[in-house]
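Keep in mind it's a predicted model, so treat the numbers as computed, not measured. Each chain gets a letter, A, B and so on, in the order the sequences are listed, and its residues count up from 1.
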Number of protein chains: 2
Amino acid sequence: MFIELDLQSETPIYAQLVDQIVEGIASGTLQPGDPLPSVRSLAEDLGINLHTVNKSYNLLKQEGFLQIHRKKGVIVQSDGMPGVTEAFEEKLRQQLRSLAATAAVRGMSEETFAQMSSLVYRDTITNRGGKQS
Amino acid sequence: MFIELDLQSETPIYAQLVDQIVEGIASGTLQPGDPLPSVRSLAEDLGINLHTVNKSYNLLKQEGFLQIHRKKGVIVQSDGMPGVTEAFEEKLRQQLRSLAATAAVRGMSEETFAQMSSLVYRDTITNRGGKQS
DNA sequence: TTATCTGTTATATTACATATATAACACATA
DNA sequence: TATGTGTTATATATGTAATATAACAGATAA
């Protein structure tokens with residue numbers, strides 16, 4: 001896997017896992033229907049507990065980004081990704097508000113802030129070594 | 001004060017306080033040199049503990065957004081706000097990366113994402129009832 | 001059938017973060 | 001002198017994060 005954990009980070013391990021899997025899907029490294037490692041094997045690979053992996057998988061399942069089949073195991077959502085819901089927009093707005101405020105106080109312009117958003121988005125979408133559709 | 005807390009939120013109280021004070025500075029509601037309530041009075045106003053307020057104040061002091069004088073009490077930074085440091089840019093990029101990835105997976109375009117960033121920034125900057133320079 | 005692997009559930013423990021409560025301290029002010 | 005300031009210390013309660021072990025039902029392959 002392409003996962004790299006920072007055990008010194010203040011970001012919880014399960015959240016780092018969630019983030020990196022979502023980035024994998026966003027970049028196309030993980031395609032709909034692609035299988036993910038079992039909770040035990042990924043836990044062993046990363047040197048963490050299987051419950052931590054399980055927590056991440058279930059959060060992503062709850063968000064609709066992953067499916068957990070009794071037969072296929074854990075795979076990337078293949079029945080259509082969830083769209084831009086009202087709830088998601090509100091959560092996104094709230095997070096952006098906090099970032100925009102500190103950026104503004106530090107003197108970063110609206111244009112620079114928006115441009116950084118664009119660049120980061122593009123960089124996230126850009127495939128890094130994986131297969132692409 | 002203009003502070004409104006959501007005790008049901010998963011965002012810690014001290015973090016909500018930090019966010020709203022930063023937004024107050026960004027919007028101009030709080031001007032450099034403006035005094036903030038004492039830890040005890042603000043705590044009483046909000047119905048929370050003074051140590052929670054103190055934690056928020058100290059985080060903002062550490063970030064350079066507030067000054068704590070033995071005489072003047074707690075005031076908004078009047079000796080120049082900290083600028084866009086390399087550390088801040090990196091932290092901002094990391095946070096944006098997480099947001100951009102989920103937005104992308106949900107099908108939000110780069111343009112929409114950037115436009116939302118712009119709009120939220122502008123909305124944050126916009127004064128809501130306070131005095132402006 | 002047996003053995004193995006899957007996600008899941010349960011229980012327990014450790015460590016840390018959050019939030020509160022109470023008290024005391026040095027400093028400044030009216 | 002009395003009061004208010006931020007600060008420090010101690011204690012407690014609660015929740016989260018992460019780990020460890022064990023067991024379970026369902027699926028799979030030898």
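Under 4.0 angstrom from either OP1 or OP2 of D:dA17 there lies no side-chain N or O belonging to A:T52. A sub-4.0 Å separation between OP1 or OP2 of D:dA17 and a side-chain N or O of A:N49 is absent. An OP1 or OP2 oxygen of C:dA19 is reached within less than 4.0 angstrom by no side-chain nitrogen or oxygen of B:K55. The phosphate of C:dT18 has OP1 or OP2 within less than 4.0 Å of a side-chain N or O from B:Y14. Look at A:Y57 and you won't find any side-chain N or O under 4.0 angstrom from OP1 or OP2 of C:dG7. Side-chain N/O atoms of A:S38 include one lying less than 4.0 angstrom from OP1 or OP2 on C:dT6.
Map A:I13 and B:N54 each onto its nearest nucleotide of DNA chain D; the residue landing nearer the 5' end is B:N54. For the pair A:S41 and B:T11, both in contact range of DNA chain C, the more 5′-proximal nearest nucleotide belongs to A:S41.
Rounded to whole Å, atom C1' of D:dA18 lies 17 Å from atom CD of A:E10. A straight line from CG of B:N58 to P of C:dT18 spans 14 Å, rounded to a whole angstrom. Atom-to-atom, CG of A:D6 to P of D:dA18 comes out at 12 Å; the value is rounded to the nearest Å. The CD1 atom of B:I75 sits 14 Å away from the C1' atom of D:dG6 (whole-angstrom rounding). In this structure, A:L42 places its CG atom 12 Å from P of D:dT19, rounding to the nearest Å. Rounded to an integer number of Å, the gap from CD of A:E44 to C1' of D:dA20 is 15 Å. Between the CG atom of B:L5 and the P atom of C:dA19 there is a distance of 10 Å, given to the nearest Å. Going from atom CD1 of A:I48 over to atom C1' of D:dA20 covers 14 Å, rounded to whole Å.
When distances are taken from the side chain of A:I68 to each of D:dA17, C:dT8, D:dG6, the shortest belongs to C:dT8.
Both B:L59 and B:I3 are members of a single hydrophobic cluster when ILVMFWY side chains are connected at heavy-atom separations under 4.5 Å.
From B:L30, atom CG reaches atom CD of B:Q77 across 13.5 Å, with rounding to the nearest 0.5 Å. Of the inter-residue distances, the one linking A:D123 atom CG with A:M116 atom CE reads 10.5 Å to the nearest 0.5 angstrom. Rounding to the nearest 0.5 angstrom, the gap separating the CZ atom in B:R40 from the CG atom in B:L50 is 5.5 Å. The CG atom of B:L66 lies 10.5 Å from the OG atom of B:S78; values are rounded to the nearest 0.5 Å. To the nearest 0.5 Å, atom OH of residue B:Y14 and atom CD1 of residue B:I48 are 13.0 Å apart.
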Give me, pair by pair, the N or O atoms of the protein and of nucleotides 10-15 of chain C that are less than 3.5 Å apart, along with how far apart they are.
{"unit_1": "C:dA10", "atom_1": "N6", "unit_2": "A:H51", "atom_2": "NE2", "d": "2.7"}

Below 3.5 Å is the cut-off: list the nitrogen or oxygen pairs between protein and nucleotides 23-30 of chain D, distance only.
{"unit_1": "D:dA23", "atom_1": "N6", "unit_2": "A:R40", "atom_2": "NH2", "d": "3.3"}

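With contacts defined as side-chain heavy-atom distances shorter than 4.5 Å, the pair A:M81/A:V76 qualifies. Taking 4.5 Å as the limit, every side-chain heavy atom of A:L99 sits out of range of all side-chain heavy atoms of A:R97. Counting heavy atoms from C-beta on, the side chains of B:V84 and B:L92 never come closer than 4.5 Å.
Two end axes, each from the C1' atoms of five base pairs, can be drawn for the helix from C:dT1-D:dA30 to C:dA30-D:dT1; they diverge by 20°, to 10 degrees.
In the displayed structure, B:E89 atom CD is contacted under 6.0 Å by more than 12 heavy atoms of other residues, nucleotides or ligands.
Donor-acceptor pairing under 3.5 Å is lacking for the side chains of A:D6 and A:Q16.
Put simply, the side chain of A:S98 never gets that close to the backbone of A:Q94: no donor and acceptor are under 3.5 Å apart.
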